[in-house]
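Lettering follows sequence order; numbering is per chain, from 1.
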2 protein chains.
Amino acid sequence: MDRIETPPDVVIRRLPLYARSLRYLLQEDVRSVSSQELGERINVTAAQIRKDLSYFGEFGKQGIGYDVEKLLNQIERILGLNQEWPVGLIGIGHLGEAIARYEGFRRQGIRIAALFDSDPNKIGTDINGLTIQDDTHIERAMREQGVKLAIIAVPATRAQEVADMLVSAGVRAILNYAPMVIQVPENVWVRHIDPVAVLHSMTYYLAREEDKES
Amino acid sequence: MDRIETPPDVVIRRLPLYARSLRYLLQEDVRSVSSQELGERINVTAAQIRKDLSYFGEFGKQGIGYDVEKLLNQIERILGLNQEWPVGLIGIGHLGEAIARYEGFRRQGIRIAALFDSDPNKIGTDINGLTIQDDTHIERAMREQGVKLAIIAVPATRAQEVADMLVSAGVRAILNYAPMVIQVPENVWVRHIDPVAVLHSMTYYLAREEDKES
DNA sequence: ATTTGTGAATGGATTCACAGCG
DNA sequence: CGCTGTGAATCCATTCACAAAT
């Protein structure tokens, strides 16, 4: 009823999955959903979904479930997706270019707003209507546009340096694709996307299966 | 001393980070490292590292720390990285192409071994010496090469269908880049890489900061 | 009859703290 | 003296189970 507790970060990380699933349901013209049904779609228990949502209020109706559109709107508001977030992208290699061209961001509250690289051959060229800028201009450009979010897609060796520039540019949240843990002040959020590490954690299980077979 | 407990998955997911950090240390010619020093590099507590490693054996020396090269070898062996893992990649859009061209895999036990797409304009073209195949050939091609690991980089609408094909091809672990939770039998491992969800979990905190400022 | 919201109970993961070894 | 390895203690997350609502 009265919510004093601040929601733990695990809960915050699940909310976007709930939101996405609700968007798909909406596309399928499903109007109402129970925690049970929602959970089956995303492999989360019904109790978990209900408990997670309870950190933010009461959104369901007993005996009925949740109104898909209403719940989606609530979760999007909670996540701050009722506004558009400009994002700076640093490092326009193969990966950076794929990120810059990805349509899935724009549709979901994320707008790639500035591109940076250090390669003189890339600086000045355009991708999707945005000009790649010299990454020494990060601070000025990001401040001008009030960008608080950035994506790092540079090689590991340059990641910390770029992170430092972002922090002095006033960036408060970083999505790091570089295979390197970066150090930032405690008021800056960092999340790491690390496909190699993820694959390596799965080879562990594959290797053990091979052992079992002998 | 005697290890009966099977290591929890959280521990397995951290091992690749330890391995990577040790590789960097080795490159810097650091021979020996304490759990404290290692932890500072990757923002993990010293106790956590020691406890994690204790699931697999005793690798350190009291008063000294760990021999970097030895510990790295041990962890790589645990993760099954003493062998090379062929991987099938399905979906050669911007992202799939970036993955196919990424050098960071090959160097770390992962070899992209087959590319698939459904677009006739792409099928037959080459990337990095590999020919893109029709994705209806997944089962035959993957079985022939004994591929147990796959990466899905297709749009959300096709992800489940592709996952089903991979499962019948005998694939046992899937890295899913599609913004969609896929359903697989319980003997198949799935990990999801979801940059949009990650960004959305950070906009939550950014939005709250904005509120605080008013 | 069905499903929510939530305290209580359980189950896990992390941290503590220290004996024991080099 | 420094640092590991590890039981015990703590902290946190998930699940249970049921009263309340419709």
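Judged by closest nucleotide on DNA chain C, A:Y66 is the one of B:I64 and A:Y66 placed further toward the 5' end. In terms of position along DNA chain D, the nucleotide closest to B:G65 lies nearer the 5' end than the nucleotide closest to the other residue of the pair A:V11 and B:G65.
For A:E5 and C:dA8, the CD to C1' distance is 13 Å, given to the nearest whole Å. Rounding to whole angstrom units, CD of residue A:Q74 and P of C:dG5 are separated by 11 Å. Atom P of nucleotide D:dG5 and atom CD of B:Q62 are separated by 7 Å, given to the nearest angstrom. Regarding A:E37, its CD atom lies at a distance of 12 Å from the P atom of C:dT2, rounded to whole Å. The distance between atom OH of B:Y55 and atom C1' of D:dG5, rounded to the nearest whole Å, is 13 Å. The distance from atom NZ of A:K61 to atom C1' of D:dA20 is 15 Å, rounded to the nearest whole Å. In this entry the distance linking CG of B:D52 with C1' of C:dT14 reads 10 Å, nearest Å. In this structure, CD of A:Q48 is placed 18 Å from C1' of C:dT3, rounded to the nearest angstrom.
One finds a salt bridge joining A:E139 and A:R143 here, because a Lys/Arg side-chain nitrogen approaches an Asp/Glu carboxylate oxygen to under 4.0 Å.
One finds a side-chain N or O of B:T45 lying less than 4.0 angstrom from the OP1 or OP2 phosphate oxygen of C:dT15. Neither OP1 nor OP2 of D:dG5 sits under 4.0 Å from any side-chain N or O of B:R50.
Between A:Y204 and B:F56, the ring-plane angle classifies as perpendicular under the 30° and 60° cut-offs.
Counting only heavy atoms from C-beta outward, the side chains of B:I152 and B:L175 never approach each other to under 4.5 Å.
Residue B:Q108 is tested with B:E84, B:R23, B:E76, B:R20 for a side-chain hydrogen bond (donor to acceptor under 3.5 Å, both in side chains); the sole match is B:R23.
Among C:dC16, D:dG5, C:dA13, the nucleotide with an atom closest to any side-chain atom of B:E58 is D:dG5. With C:dG5, D:dT6, C:dT4 as the choices, the nucleotide that has an atom nearest any side-chain atom of A:S34 turns out to be C:dT4. Comparing atom distances between the B:K51 side chain and each of C:dG7, D:dG7, C:dT4 picks out D:dG7 as nearest.
Residues B:G91 and B:V154 come closest through the heavy atom pair CA-CG1, 3.6 Å.
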